[in-house]
Each structure stands twice: as structure tokens, then as C-alpha cells.
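To keep things clear, I will list the structure first and then write my remarks on it.
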Amino acid sequence: MPEIDISDKLGYTLLKKGIIDYETLEQAIKRKEAEDPKIRRTLAQILVSDFYVEHDLVFKEVANLYGFREIYLTDEVVDAGRIDFIKKLVESGDGLREEIINAKMLPLKFDEARPDKLVVVAADPTNKQIPRLARSFMAKRYEVAYVRLKDLQGLIDKVFPPENEFLKVLANTSKDELGDIGSAGEEEGLDEQQLEAEISKSVLINLIEGMLVEAVRKGASDVHVVPKDGGKTDIHFRIDGDLRLWYTQEGVLPEAISAVIKDRSKGADRFEREAGQDAFMQRKIDDHWIRFRVSILPMVASEFRHKFETIVIRILDDRKVITDLEKLGLQGPAKEGFFKAIKRPQGMVILTGPTGSGKSTTLVAALHQVIDPTVNVLTVEDPVEYIIHGARQLRIGPKMNFEQAIRSILRHDPDIVLVGEIRDRETAEIAVKLANTGHLTFSTLHTNDAPSAVARLYKMGIEPFLLSSAVNIIVAQRLVRTLCSNCKKPMTDEELDREAYLRFGFKEEELRNHTIYKAVGCDKCNNTGYKGRAAIHEALYFTKEIKHIILNAGENINEDDIREQALKDGMWTLRRAGINRILEGISTMEEVAATTTEE
């Protein structure tokens, strides 16, 4: 092992904590010493830019070492007033806006204890440019504090939203350049020559690329491209669970828009218009690689000559991945049971719920709690949604399908396994076998609630004695829209229909001791009254009593008996978890009623 003069305390700290290895440190120090002293970068900057060590792992230690205070932007109120304050200070400096943004720093607020001291946040508080740039804010005193790069970039994007260059080009395109489908409707069949002319227009490429950029920036989970008669195509974004019309393209054959999307996707055939297709795209947007999963299905049109296709593009943004289970919002007994279940060395953890209920997000967060270098974590997903660092995610393709991967996983010496979905008896049997032979196994299932998942597995052919010993916990999950913090208002006694709330499941003392909020609507939430979503959970932990009911089930498993025992054990139903969200001032009765059923 080479000898290194660890006079640099940061290098020693990073080495001791396992963030870097000896070889990396040695090379970084050599590179630092070889640089011109006038422009010499710090060791931290070299490690991040040249050796791709994670920025925040390095600069968190830099902040600790040099005594910079760390500020968590999630704890700060970043409302319209705060954004205006930051923007005015940055733009007060003579033409320094770009330099300030490039230095990854922003003025945040005046210190509560010392109103004359400005708090400046930076992702690299040791950047040599900061003192000069901070003086442009014209504050008597200033303090530099450290914030995570990801959080700071989010704040920069709020204060100075990046321009969508594709949409700028689209806006400057005249109708003559766009063209018109004119009398194309008189043709008996689809005019391939005309279609080719439509496809070759660069305006359509700008539309599609601009659509992807805008969808990512608006926080959409999906983009829906829906063809209409008369040369129209509607583009919707799904934001906070609701579809919202973003743009309508007129005067262009819908088939041309579909063809451009296919051309710019991997795995799609532009000339196939009769069969469903799955493809994917990848784009670098605001310095982050974003993956898109493309689903294409043929669709009926009123005119036979048209070959319409509906396209849904799922946005897979790894920045949205939650790795901290605490941030998932597990409540009450669900939280206790879930943590207990994933800490066991073996057994199944099953998430259930409809498509788009956040099951994958919860499973990925759970996996991050159990991944470490001493265990082999394998995942079988089709398709892979998020990259999970520390796990070996098997690639599904023509030469190895989902079923083959599931069978092969048993021979690959796993410790922890994620089976994306229990689809059939074979998948269920292998998942149960893994759980019963010393493996911690995560998976998902499509059922309405936790007790019905037990019956579903039984109907797939899993014996009761195997079920009772294999499963640790089944968690049903839903997402409810959360109230906009900018405009929500407490309900007055006159507005609160106490009888309706009591029938819904509230207790009299809960209504007395809590404030119930209502949705109002403002510019921040697009006048919906809601912004963001929160999860509610129903966690069926397999206690001895639950296992006993399953073992003695006979020919049919009684879901009602399981549910009744689970409630005795302290389980919260989805409705009860939703009520708790309302009492916390996070959601409304209307929203919870739309996603849960009566108990």
C-alpha cells in the first residue's frame, strides 16, 4: 500500500469513513500538487470533478471540518416572498447573476438573531469566488452556510426557472412553416408521402423535445399524447395524480407526431401501427439524466384512413427516489410493523395497491435500508424503473425474460431479492421459496387491501402453511393529494358538517381537538387547492394469531377473519390512515373518500 502524507485532514476523514480509497486519495493529492498554485483547486473539488466522488458526501465533511453551518432547505419556508427576496438580491449585483449561479450559491435570508447578517448558502462553501460575489449583495455582514447540491439546484430552478429552448423555437414558428393538413381527409388511405413531409418538419422535433423538458420541470409523472380527429393532438401531463391539458397541436397529422416520438425512442418501429409497443428514451435535462418509458397502443379513429396511436410516456427521474424511510410518511402501527419486517433476516415484504400508488417508491426506500456491501441484493423487474445503487438489477430482454430471470435468481447466491411483481403461480412459488429459505424478499401485488392479498396468493396455489411462514408483512398503499400550504384555510364551525365527519369515521374528541382545513386554490397550485401527494398505508403484520387463522383456513381463506384480527392487533385501515392525514392538516375528507372505501 503506498504511503501518503495525510496532512490534509479532509483526505484522512474521507478515507477513514470509507468514502474514498487509498488509491483515489493518492492520485487526487498528486493532481492537486501538480496544478498551478495560482489556480490550484481544493482536494474536495478535485475528488468531485475528476474522480466522480459524490458531491454531498465530500462537502458535508468539508463543512464539518471547517465549521460551516449546514442548512436544510426542506426546513425553510420558500414562498413567493422568499423567492422575490433572493431574486432581487442576486440581480442587484451588476451583471453577476450567471457567476452567482455557476458558483452554486444564493443569498437565503437575514439571520433571525442578527438582522444585519445575511445568510448565504453554497454547495461548496470553500469556493474562492464566494467572498467577492457575496459582497455584491450589499449586506453589512454575511455568513456562508453549506447546503446539499441537489437542494440548492432545486432552489435555483425555482428562483430562475431555466428556459425551454425547444418551446422558444416552437413559439417563433409561423403557421406557414408548420403547414396544414388541408384536404388530406379526402384520401382513401394514409398518404405516406404527405406523412413523411410532416415528420421531416423540425417543428415537431422541437415540440416533442420541449414537451419532455417541460414535463420534467413541472414534476409530471406521465405524459399522455392523444390523437384527435381534424388534425389535432392533445398533450396532457399527469401532475399530483391528475391529468392536465398542457398543449394542443393543430394542423399536423397525429400520425406524424406519433412517428417522431417513435423515431426518438429506442425499441419502437415507426412503421408498426397495428400492435402495441414498448420503448424508452433518455435525455439530459438540467444536467440530470432522465429516463422515459414509452407505451404505444393502436387506437380507433372515426375515419378509417387514420392509424391513430395513443402514447403514454412515464418519467423516471432518479432525483425523486426516496432513500430515507422516515420521509415516506409511514404512520402509527404501519411504521412500527414495516421497520420490524424489513429488519428480519428472511421472509416476504409485500406492497399492494393499484398502478401509480407509489409501491415502487416504498420498496426502493426499504431496499436502501438493508443494502450494504456484505449482502448480495438482486432485483428482477420488468421494466426497471429506478437505478438502485448497491443492488444488481437484472436486465430483462429477448434472451432472458422475466420468468427465466426469476428461475435463475435462486442459483445466483442472493441474500436479499426484489421481485418487481408477483404475476402468476410460478413467480409466487419462487418468491415464497426464497422467503422460506433464508432470504429477505420484497415484491408487489395488485389487490385492493392487505387482507385480500393473502387470499390472492392462496388462489394462486400457495399452500396456507407456506404462506403463514413466508410472509412478514403486507402493506396496502394509496396516494392522497395534499393541501397547498400557500392557500389552505381552516374550516369554520359553520362550514364543518360534524355529522358527515362522524359518519366518515372521525371521533367527537378528534373534531374538538384538531383544526380541519379546506382546499381553496391559488396560483401556486394551479387553483386546485392541492399541491403534492402523501401516502397512506394499511399494514397487515403477520402476528401469531394471523398465522393461526391462515394455517386453519381449510379450502378458503376468510379475509374478514384476517381483517378483524388485524384490527384487534392494532392495524390502521386505509380509511383510518387517511383520517389521520386530515387531522394533521395535510389532506381533506373529499380526497380521502376518493381513494378509500368505507370500513
Side-chain angles (χ1 to χ4, degrees), residues 241 328-342 347-363 366 419-423 427-428 431-432 441-460 462 464 467-468 470-481 503-506 533-543 545-550 553 556-582 587 589-599:
L328 278 177
L330 287 156
Q331 306 162 281
K335 181 177 180 178
E336 182 186 345
F338 197 73
F339 274 90
K340 195 193 298 184
I342 67 171
M348 287 181 74
V349 175
I350 300 174
L351 266 291
T352 182
T355 302
S357 60
K359 300 187 298 295
S360 296
T361 301
T362 301
L363 283 182
V419 177
E421 182 186 345
I422 295 177
R423 303 178 172 187
T427 311
V432 167
T441 307
F442 296 87
S443 193
T444 66
L445 195 63
H446 288 278
T447 59
N448 287 326
D449 57 18
S452 60
V454 181
R456 173 69 59 84
L457 289 169
Y458 178 73
K459 287 171 185 173
M460 281 183 175
I462 307 301
L467 259 180
S468 63
V471 180
N472 294 349
I473 195 170
I474 299 173
V475 180
Q477 179 168 315
R478 298 288 189 280
L479 293 175
V480 293
R481 290 187 299 169
R503 286 196 303 273
F504 193 73
F506 286 82
R533 290 187 291 175
I536 55 175
H537 303 91
E538 175 181 282
L540 173 62
Y541 190 82
F542 272 43
T543 59
E545 291 77 14
I546 296 290
K547 290 180 179 182
H548 184 74
I549 290 171
I550 295 169
N556 286 300
I557 286 179
N558 192 317
E559 294 176 30
D560 292 332
D561 287 349
I562 293 173
R563 186 176 290 105
E564 189 178 325
Q565 182 58 50
L567 291 171
K568 286 179 186 175
D569 294 335
M571 180 187 81
W572 283 7
T573 61
L574 286 166
R575 174 63 59 91
R576 181 66 239 173
I579 288 172
N580 204 60
R581 290 292 187 204
I582 299 167
S587 196
M589 184 169 74
E590 294 77 15
E591 184 62 20
V592 173
T595 52
T596 63
T597 55
E598 289 185 31
E599 295 166 15

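Note that the coordinates shown come from a computational prediction; the quantities given were computed from them, not determined experimentally. Residues take their numbers from the sequence shown, with the count starting at 1.
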Would you confirm whether [X], through its side chain, and [Y], through its main-chain N or O, come within 3.5 Å as a donor-acceptor pair?
X: R456; Y: H446; answer: yes
X: S587; Y: R481; answer: yes
X: S357; Y: L479; answer: no
X: K547; Y: L467; answer: no
X: H537; Y: A476; answer: no
X: Q477; Y: G358; answer: yes

Q.
If you count heavy atoms of other groups shown closer than 6.0 angstrom to CD of E590, is the number above 12?
A. yes
Q: Determine whether more than 12 heavy atoms belonging to other residues, nucleotides or ligands lie under 6.0 Å from atom CG of N558.
A: yes
Q: Among R576, E591, R575, find the one that has a side-chain hydrogen bond (donor to acceptor under 3.5 Å, both in side chains) with T596.
A: R575
Q. Under 4.5 Å between any side-chain heavy atoms of F442 and I342, yes or no?
A. yes
Q: Answer yes or no: is there a side-chain heavy-atom contact under 4.5 Å between F338 and V349?
A: yes
Over all atoms of both residues, closest heavy-atom pair of [X] and [Y]:
X: A539; Y: A334; result: CB-CA, 3.6 Å
X: I557; Y: I562; result: CG2-CD1, 3.4 Å
X: A534; Y: R581; result: CB-NE, 4.1 Å
X: F504; Y: A593; result: CE1-CB, 3.7 Å
X: A566; Y: L540; result: CB-CD1, 3.5 Å
X: I474; Y: T352; result: CG2-CG2, 4.1 Å

Q: Just do the side chain to side chain contact (heavy atoms under 4.5 Å, CB included) check on V454 and Y458 with the steps written out, would you?
A: CA-CA 6 Å; V454 181; Y458 178 73; 5.8 Å; no
Q: Please lay out, stage by stage, how D569 and Y541 fare under the test side chain to side chain contact (heavy atoms under 4.5 Å, CB included).
A: CA-CA 9 Å; D569 294 335; Y541 190 82; over 6 Å; no
Q: Just do the side chain to side chain contact (heavy atoms under 4.5 Å, CB included) check on V432 and M460 with the steps written out, would you?
A: CA-CA 12 Å; V432 167; M460 281 183 175; over 6 Å; no
Q) side chain to side chain contact (heavy atoms under 4.5 Å, CB included) between K568 and Q565: does it pass, once the steps are laid out? A) CA-CA 5 Å; K568 286 179 186 175; Q565 182 58 50; 4.1 Å; yes
